[in-house]
Amino acid sequence: MLRFWWAEPTEPTLVPSLLTGVLRAVRRHQAQQLLLDLRRLPTLQETVQQWVQNSWLPRLRRCGLRRLALLLPTNPYNMMLVESLLWVSLQESLPYEVQYFTELPAALDWLTNSEIATSDADWPRRYQEPLIRRVRRRQCPAQLLSPA
């Protein structure tokens with residue numbers, strides 16, 4: 001699982017390079033779950049919006065994800081923008097599940113089926129900006145997997 005977030009507002013012109021880095025990380029780590037924390041997403045210019053819709057979202061479809069969790073932006077304009085971009089992308093069949101969240105623990109629980117800790121305290125470098133973190137699933141002892 002990969003988690004990406006903005007700890008502080010970022011210059012909107014940097015968004016394409018940051019999102020391209022997210023795609024590279026998904027491919028490099030062969031991540032099947034991605035959490036995009038868009039709560040502090042900077043207001044996107046129209047050219048960036050078009051790039052996300054026409055370039056980034058199609059590449060995201062081809063990167064091998066199984067689940068995508070989105071923490072929705074707190075800014076009403078950005079929330080409307082994200083929802084409209086995803087509505088357009090949902091007109092096609094997606095190869096992964098998408099869920100929207102307003103709280104981090106709920107998003108992490110859905111992505112990981114509660115197999116890893118799900119509080120902000122479990123993400124030690126959370127105040128650096130922007131960040132991509134990879135989490136490995138915990139291994140369950142064999143006795144927990146066998147029927148009782």
Side-chain angles (χ1 to χ4, degrees), residues 1-10 12 14-44 48-75 78-147:
M1 179 184 89
L2 290 178
R3 176 185 176 197
F4 178 81
W5 69 95
W6 282 270
E8 296 295 327
T10 303
L14 297 177
V15 170
S17 64
L18 295 172
L19 290 177
T20 299
V22 169
L23 288 177
R24 276 193 226 112
V26 167
R27 288 186 180 119
R28 180 180 50 223
H29 298 293
Q30 298 176 353
Q32 294 185 0
Q33 300 94 2
L34 175 61
L35 171 60
L36 285 178
D37 186 342
L38 304 174
R39 292 177 289 186
R40 294 186 180 185
L41 178 71
T43 302
L44 301 180
V48 175
Q49 295 171 29
Q50 291 173 353
W51 176 84
V52 169
Q53 181 176 343
N54 298 325
S55 179
W56 191 78
L57 286 174
R59 290 187 292 157
L60 182 66
R61 284 187 204 104
R62 297 187 303 266
C63 71
L65 285 179
R66 290 193 181 181
R67 286 187 168 187
L68 171 62
L70 296 169
L71 282 169
L72 291 173
T74 54
N75 174 312
N78 281 348
M79 182 182 297
M80 189 173 64
L81 172 69
V82 168
E83 289 174 344
S84 69
L85 286 173
L86 290 168
W87 177 255
V88 169
S89 74
L90 290 175
Q91 300 307 311
E92 299 178 25
S93 172
L94 293 177
Y96 50 81
E97 296 177 72
V98 179
Q99 289 288 328
Y100 305 91
F101 299 91
T102 57
E103 297 177 357
L104 177 63
L108 289 170
D109 285 345
W110 178 74
L111 279 175
T112 63
N113 295 321
S114 299
E115 291 182 17
I116 60 172
T118 58
S119 72
D120 255 346
D122 298 313
W123 298 86
R125 294 171 22 213
R126 68 183 179 275
Y127 295 110
Q128 295 178 9
E129 172 241 340
L131 283 178
I132 299 174
R133 294 278 295 183
R134 182 172 185 222
V135 175
R136 295 185 185 173
R137 290 181 170 255
R138 289 184 178 162
Q139 297 296 322
C140 294
Q143 64 268 24
L144 293 178
L145 298 175
S146 58

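- Residues passing the side chain to side chain contact (heavy atoms under 4.5 Å, CB included) test with Q32, sequence neighbours excluded: R66.
- For the pair Y96/R61, a side-chain contact is recorded, criterion being any heavy-atom separation below 4.5 Å from C-beta on.
- Taking 4.5 Å as the limit, every side-chain heavy atom of L35 sits out of range of all side-chain heavy atoms of F101.
- For the pair L60/L34, a side-chain contact is recorded, criterion being any heavy-atom separation below 4.5 Å from C-beta on.
- Scanning all heavy atoms of the two residues, the minimum distance from L44 to Q49 falls at O-NE2, 3.0 Å.
- In this structure, N78 contributes its side chain and P73 its backbone to no donor-acceptor pair below 3.5 Å.
- To the nearest 0.5 angstrom, L14 atom CG is 11.0 Å from L19 atom CG.
- Formation of a donor-acceptor pair under 3.5 Å by the R67 side chain with backbone atoms of W110 is found in this model.
- In terms of the side chain to side chain contact (heavy atoms under 4.5 Å, CB included) criterion, residue partners of A31 (sequence neighbours excluded) are, by chain and number, L2, V26.
- With sequence neighbours excluded, the residues forming a side chain to side chain contact (heavy atoms under 4.5 Å, CB included) with R59 are T20, L23, R27, W51, S55, W56, R62, listed by chain and number.
- Between the CZ atom in R3 and the OG1 atom in T112 there is a gap of 12.0 Å [rounded to 0.5 Å].
- Within the model, atoms OG1 of T102 and CZ of R39 stand 9.0 Å from one another, a figure rounded to the nearest 0.5 Å.
- In this structure, the side chains of L104 and L71 come closer than 4.5 Å at one or more pairs of heavy atoms.
- Distance check, rounded to the nearest 0.5 Å: CG of L94 to CG of L68 gives 9.0 Å.
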